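The block underneath contains the structure these notes are about, expressed in structure tokens.
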Amino acid sequence: MKFRPLHDRVLVKRLESEEKTAGGIIIPDTAKEKPMQGEVVAVGPGGRGEDGKLVPLDVKAGDRILFGKWSGTEVKIDGQELLIMKESDILGVLA
């Protein structure tokens, strides 16, 4: 199935969190927090400015991003867990 976000929405795949701490302690699944990093899978065409013109998004597919802990809506597409969020929920792009 193909999915294309609308307006200023972005489709994001969460990046896996670390299995161990820096000291070597293994973190069980029940104690893990959901990662706040992800990879942009698809982006919408952009939002409309006050003048009615299309304003393109600053992120593109393939960008690694950082987002808020409670950002986005979880969806399942083709058996894959993804997030749909507005561009304003994205805190920044990782270089």
Side-chain angles (χ1 to χ4, degrees):
M1 171 189 335
K2 289 206 173 225
F3 180 83
R4 182 178 55 90
L6 299 176
H7 309 294
D8 64 341
R9 289 185 176 78
V10 178
L11 186 65
V12 176
K13 177 183 173 189
R14 275 189 205 269
L15 295 178
E16 294 300 317
S17 61
E18 292 293 321
E19 300 287 324
K20 290 184 181 180
T21 64
I25 298 171
I26 297 174
I27 304 169
D29 288 340
T30 55
K32 284 184 192 172
E33 286 193 21
K34 290 187 176 180
M36 297 186 317
Q37 290 184 26
E39 181 179 341
V40 176
V41 177
V43 297
R48 297 273 175 196
E50 290 182 17
D51 58 359
K53 291 183 180 175
L54 191 65
V55 179
L57 302 182
D58 288 332
V59 295
K60 60 187 179 310
D63 282 351
R64 288 185 59 164
I65 60 166
L66 202 62
F67 51 87
K69 186 180 269 190
W70 308 110
S71 299
T73 302
E74 293 182 354
V75 294
K76 200 170 209 177
I77 299 174
D78 290 339
Q80 196 173 29
E81 302 240 349
L82 302 168
L83 288 168
I84 297 174
M85 64 181 70
K86 288 188 167 264
E87 185 187 35
S88 58
D89 291 338
I90 297 172
L91 303 175
V93 178
L94 298 168

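Note that the structure is predicted; figures quoted are calculated from it, not measured.
Cluster annotation: F3 and V75 are assigned to the same hydrophobic cluster (Ile/Leu/Val/Met/Phe/Trp/Tyr, side-chain heavy-atom contacts under 4.5 Å, transitive).
Scanning for side-chain contact (heavy atoms from CB on, under 4.5 Å) contacts around V93 gives V59, D63, I65, with sequence neighbours left out. Remark: R48 engages L54 in a side-chain contact (heavy atoms from CB on, under 4.5 Å) (not counting sequence neighbours).
One distance of note links CZ of R14 with CE of M36; it measures 9.5 Å at 0.5 Å rounding. Distance CG/L11 to CD1/I77: 5.0 Å, rounded to 0.5 Å. In this structure, E74 CD and I84 CD1 are separated by 11.0 Å, a value rounded to the nearest 0.5 Å.
In this structure, the side chains of L83 and F67 come closer than 4.5 Å at one or more pairs of heavy atoms. Side-chain contact between V40 and K60 is absent, with no heavy atoms from C-beta onward closer than 4.5 Å.
Listed by first then second residue, pairs satisfying salt bridge (charged side-chain N to carboxylate O under 4.0 Å, His left out) with a partner in residues 84-95 read D8-K86, not counting sequence neighbours.
The two residues G49 and V55 have their closest heavy-atom pair at N-CG2, 3.8 Å. Summarising the geometry of P45 relative to P5, their closest heavy-atom pair is CD-O, 3.8 Å, with the distance given to 0.1 Å.
Although no hydrogens or angles enter the test, the distance criterion places no donor-acceptor pair under 3.5 Å between the side chain of D78 and the main chain of Q80.
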